[in-house]
Each structure stands twice: as C-alpha cells, then as structure tokens.
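First up is the structure itself, then whatever we jot down about it.
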Amino acid sequence: MTKPITAVWPGRPYPRGANWDGEGVNFAIFSEHAEKVELCLFDPKGQREVQRIELKERSDFVWHCYLPEARPGLLYGYRVHGPYRPQEGHRFNPHKLLIEPYAKDIVGTPRWSDAHFGYRIGSKRADLSFDRRDNAIGMPKCRVVDQAFTWGNDCSPDIPWHDMVIYELHVKGFTMQHPDILPQFRGTYAGLAMAPAVEHLKRLGVTTVELMPVHAFLDDRHLVERGMRNYWGYNSIGFMAPDSRYSASGHISEFKTMVKTLHSAGIEVILDVVYNHTAEGNQLGPTLSFRGIDNASYYRLVGDDPRYYMDYTGCGNTLDMCHSRVLQLIMDSLRYWVLEMHVDGFRFDLASALARELHAVNQLGTFFDTIRQDPVLSTIKLIAEPWDLGEGGYQVGNFPLGWAEWNDKYRDSIRAYWKGDGGLIGELARRLTGSSDLYEHSGRKPHASINFISAHDGFTLHDLVTYNAKHNEANQEDNRDGSDNNHSWNCGVEGETDDPEINALRARQKRNLLATLLFSQGVPMLVAGDEMGRTQQGNNNAYCQDNEISWLSWELQPQDQELLEFTRRVIALRKAHPLFRRRYFFHGQPIRGGEVKDIVWLNPDGFEMSEADWNQEFSRCLGVYLAGDTLLETDGRGQRLLDDNLLLLINAHHEDIAFTLPEFDGHYYWDVLLDTLDATGTPEIARYKAGQGYPVGGRALVLLKQGEAP
C-alpha cells in the first residue's frame, strides 16, 4: 500500500475475512463484545502502519466494510476496542495488533517482546494489569490474496479406506536433507512436489500422505529464547493460512501446486489440524488474535471465574465449540481447505476436545452433527486422535460413523507383544483383525482403526528397538518431558552399538513390526523415515528440534537400504492380497454354507487354538489361517475378489519353534512369501508340505500361501 484508502463502503458480513472479488476487498470480522473495531493497513514490508479504518457497519456482531481501492497483496491487521475486565472474561486491548482468524495468508513471525502481552509482565497484579505498549512492529501481518489458480482436471484420487496406506510426514523434515532436491526448495511445499520426493512415495507404495500441521503457527517465546522452534507445529494461530515458512515462493499457490502434483501421482493429501486450542496459551499468554478479538466468545472459560481458561489440551486454552461463531469458523476452515486447496481429509488433533459440550465428551455433539450433515465434509476422510487431557477424554472406539481413529491400543499391544511380554496372544489376535471389540458395535468397519507402531509423537521405529528409556536431554527440560510408557526394548544394549548380533536382532524386530502392521486389518500408518531406519537418538518428544534430530537423512547405510526394500516388498504383498484389506470383520464361522471358516487360529502343533491355549501366559507363538475363497469383497466393478489361502506365523519367543503346517481344503503344499528371519524376507527353502514343521525363527514372522501340488 503506497497511498491512503479514500473510499470506504459498507460491505457485507459474509464471507468472513478479507475477500478479493476482482474489483475490491470485503473485510468482515466477528466480535460479539467489542465496542469498536479498526482495520489497520501497512506498507508493503509490514513495518509501518499507514492507515486505520474504523469498521462502522455491524451485522449480527460481524463488523464489516468494503474497500474498492484495495488489492491482493495488501497487508493488514486489526485493533479491537472493548472492556479489559479479565474477571469477567474480557481482555480487549487496542494497543495490540491482532491476526484475523479468517486470514488466508499470514506473513512473518513474531519478534517476541513483552509488548505482545495484554498485561504488564512483572506486575504484582499479573494479568489483571493493562499494558499500553504497541506491538505492531513485531507482529506478523495478514495479507489479502487472489485465490485464482489453474486446477485443470485435478480431482481427489479417492482411495477406498481399505486400500489406504498412510504416510505421516513433516513438510520441512521430509526434504530438508534430500540431496536430489535443489537447496532453495528443500523443506518446502515445492520440495515435496518435486520428482525425487514423489518418486520415493510412489515406489514405497503409500497411497496417502498425512501432513503434520501446516496451518499458520507460532514458535513459543520460551523456545525461541532457548534457540529452539515449535517444530511440530501444534500451535495454530491461523486456520485458513498455510504456514509461510514452508513456502519457497511466498505464495499460497505453491501449496496448491503441491496438492495437484501429488494427486497426479495418485496420492491423497490429509492435513493434521489443530482446532482444539490456539497459540495464545492461558491467562498469562500473549494477545495475538482470538483473545483480543473476543476472548469470552472464542475460548472456554471457567464458569465461576472467567479470568481462567478450561484447559483440556495441556496447552493453556480450549476453543469453545459450543459457540456458534467458533463452530462456524472451524467449518468454514475445513470447507476452505477442501474446496479451495483440494485436500482430501483431516486428522484432528485431540479430537475429544472438539466433542465437549459443557464438560462431558459427547459422542453425538454439535461438532459431529454439523460435519455429518455437511454435503462437503461428510464425504471426505475424517480421522480422530480420540483423546484429550480432560476427564473422560479417552474415547478410543467411541467416535461416530464416518470417522476413523488413531488406535493406540493397537500400537501398545503390538509393541508389547514383540517386546516379549506374556499373556498377549488374545490381545494380539484382536488387533490383527481390525479391533472389532472397539469398532464393530457401532456399525463401523475395520478401516475405522488407523493402525500404527510409531508416529511423530514418541520413539521412531529404530529407536523403539534401540532404547529402553527416553533420552530427551536436547529439549533442555531435564528429560522430564515425553512419555515414560514406551513399550520399547533395546535388545540388550542401551543406544547404538557395534555388536553384530544385537544389530541383527534389532533389524529383525523392525521387520517384524513393519510386517505385522502391514498384514493387520485396518488402515496402516507409517511415519516418514521408519522405512529407512530414521533415528531421533532416543528422543521421544522432538517437538522443538528443528534440526538433524528430526529431519530425515537420505544417506542410507546398507542396512537402511535393506529395510527400505523390505518395506516396499511388504506393502506390495498387502496390495496383492485382498485378504489383508477386508472391508468386513472376520466372523470365525463357516462362510457360504461351506465347512471352511474365514479365519482359523492355530497353535504350533497346527491345530485350532483351544480355550486353554488362549489362556497360556507363556504363549508367544500364534498361527493365523486366512481363507481366500471366503472373501465377501468385490472390486470397483462389482466383481468378486478372490485370493490365495494364506498362513501367518508369528513368534515373539526368543527360541525357534517348529510350527506344523496344517492341511486345509485338500491342499498339501505351502509356499513361503516372506520370512523376517532373513534381511530380504526371502528364506532359503520356498516350498513345504502340509504336516511338515516350519522352523519359525526366534522373534520372527512368516507368511505362506497354500499351493497346488507341482
């Protein structure tokens, strides 16, 4: 902006935000309790406030105006006047420039100072005091955007749930050290869209990338002052704007190009979204946006003392989903990312917080009802992290139809089983078959279970078999942060070692965990780098490590390349066998009036498991027979899918076990498809006769298919 705006028209209250219509820009912002709202316009560098325009029009608590002279690229923010009475829940302070909740682009990061706080830091009255310092010079600015983009024939790959293989990745960390991506594009949306990155995803066989938070977020002051960053990004401040730090060009079209490129490669894009809280923290946090616009409307406050916040998130505050305008903001944000940015779905961080009406978690809350009736949002992929930190917040298995869930029961059970814990055979069986105990009662299918061994939060796969305890000293919190309940096992030595036997065991354990994940019913999720042996040096909470601790290394050692090839092979086996991608739960009963059950559980003698077998504390070995001709699945054209009869042998005992291969349906041979005892997954002998004992190695997994006589 080089000269003052002279024309100010009334404008419209909807749509919210700053919207360019080809002739001018309409501005609209909600504040129920404000007494005055000012639109602040800045020079092109965002250093100097050049004009303030009072929004005199107000419709249903939405303040609005239209500037016919405004153009895309204009930098702006708001100052909102009203009462500063924290005891009543109001924290208006017009000395603080505010980010608009509907901003489509946010430029810059805060230069932290005491001026960003609405109260006088150090005052004996704490947050009851009032700070008059202007913070505009150190604040990010909102920017008007032109949404025009040539999408062509872009459309969602629309991968069926049961065919999905999810790959959780961090936009920056995935390509930051990739040698085949030009330095200026590493760590960006553009870098993720480049051929080396896309080719890795395609060759691996993943169908869907789940991006860790890309909504505009802030680095906490205490981290910045310690030379760190909020690397994970679970600190949102703008629900419409892609974070500019991941942009090589500085334009939101770069994000759209990334999505279009991944779609062209047949890969879906899911966003990890944080709608449960914001970066403003508790009553002692900064005033950056929502707090200064209308604290009492946006946040859940303590009923009898609204000076304080209800904190179900562990981050200081919780957005008030019971307020219609807050709910509208979230719905508008979700629709924007689907309709304008073409993403294919969302994973909701701490989703239980979104379901809270009053204090209880309500499975059929307004949030879920609103999504279910929405013609756009009801058709996309919806994944919940089904817990928060409040009472009753753990809701695994309780989300409504249409939702999938991160299944931490799967994670913990599979980790504990391969660690060698006893008494888990029954639990292993439930998790392998899609966790029907959690999801079938509500009418959901196996794909409701998002199965994972590791995720961004916790040990990497490599560290899971390398460390018994967390090593988070680099976070400068005296190793107090991060979970102590990791179900990890270091295989005999804490940390890295040159011992070849221990390293061989660790490599086998990684293969076991990956194969179990990919051969389980439900939707498997890998975290980026696990397929290549990525380590965080024992750090299980690397949220603040924007460095080599978190970034993927693409300089693969021979053992890393072996693991990568193994992972590709296991994903290919999953795709080749619809038995691993069933749309319906197993029944354990004869199918189609025949004698063959769809699933049979076997003991090492080759006989069906008895009640006594299931209850043996020492049991570590289990066989699973899957009958291919009992499939009820059909392909996209309605043709019935057929598969081989498969046998999965799983042994978490430290000694070899000779597993008697069963005879089913007149077939007398078993061909080995995979054996994790070998680094490549290929055993020396490929064919065995029924009745013969197969030597299942100590801590190994074997997959066989039933074959005809030669």
Would Asn475 and Tyr543 count as a side chain to side chain donor-acceptor pair (under 3.5 Å) here? Give the steps. CA-CA 9 Å; Asn475 297 351; Tyr543 78 101; over 6 Å; no
Are His471 and Asp463 close enough, and set up right, to give a side chain to side chain donor-acceptor pair (under 3.5 Å), and what steps lead you there? CA-CA 10 Å; His471 294 270; Asp463 291 354; over 6 Å; no
Apply side chain to side chain contact (heavy atoms under 4.5 Å, CB included) to residues Leu703 and Phe519 and explain how you reach the verdict. CA-CA 9 Å; Leu703 177 66; Phe519 294 155; 3.7 Å; yes
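Taking the six-membered ring where the residue is Trp, the centroids of Phe452 and Trp406 are separated by under 6.0 Å. For His170 and Phe174, the ring centers sit 6.0 Å or farther from each other. Checked against a 6.0 Å centroid threshold, the rings of Tyr688 and Tyr694 count as neighbours. For Trp418 and Trp489, the ring centers sit 6.0 Å or farther from each other.
Annotation for Val527 and His456: closest pair CG2-N, 3.9 Å, computed over non-hydrogen atoms. Scanning all heavy atoms of the two residues, the minimum distance from Asn479 to Asn472 falls at OD1-N, 2.6 Å.
Between Lys172 and Asp243 there is no salt bridge, since no side-chain nitrogen of the basic residue lies less than 4.0 Å from a carboxylate oxygen of the acidic one. Salt-bridge annotation for Arg430 and Glu427: present, with a side-chain N of the basic residue lying under 4.0 Å from a carboxylate O of the acidic one.
More than 12 heavy-atom neighbours from other residues, nucleotides or ligands sit within 6.0 angstrom of CZ on Arg568. Annotation for Lys202: atom NZ does not count as buried by contact number, only 12 or fewer foreign heavy atoms lying within 6.0 Å. Heavy atoms of other residues, nucleotides or ligands lying less than 6.0 angstrom from NZ of Lys445 number more than 12.
The aromatic rings of His178 and Trp554 sit tilted, their planes meeting at an angle between 30° and 60°. Between Trp403 and Phe399, the ring planes are tilted. Angles from 30° to 60° get that label. A tilted orientation is assigned to the rings of Phe348 and Phe346, their planes being inclined by 30° to 60°.
Without hydrogens or angle criteria, Ser619 side chain to Ile425 main chain gives no donor-acceptor distance under 3.5 Å. Checking side-chain atoms of Arg581 against main-chain N and O of Gly522 turns up no donor-acceptor pair under 3.5 Å.
In this structure, Arg582 satisfies the cation-pi test against Phe586, with its NZ or CZ atom closer than 6.0 Å to the six-membered ring centre and inside 45 degrees of the ring normal.
Using a 4.5 Å cut-off on side-chain heavy atoms (C-beta onward), Gln509 and His462 make no contact.
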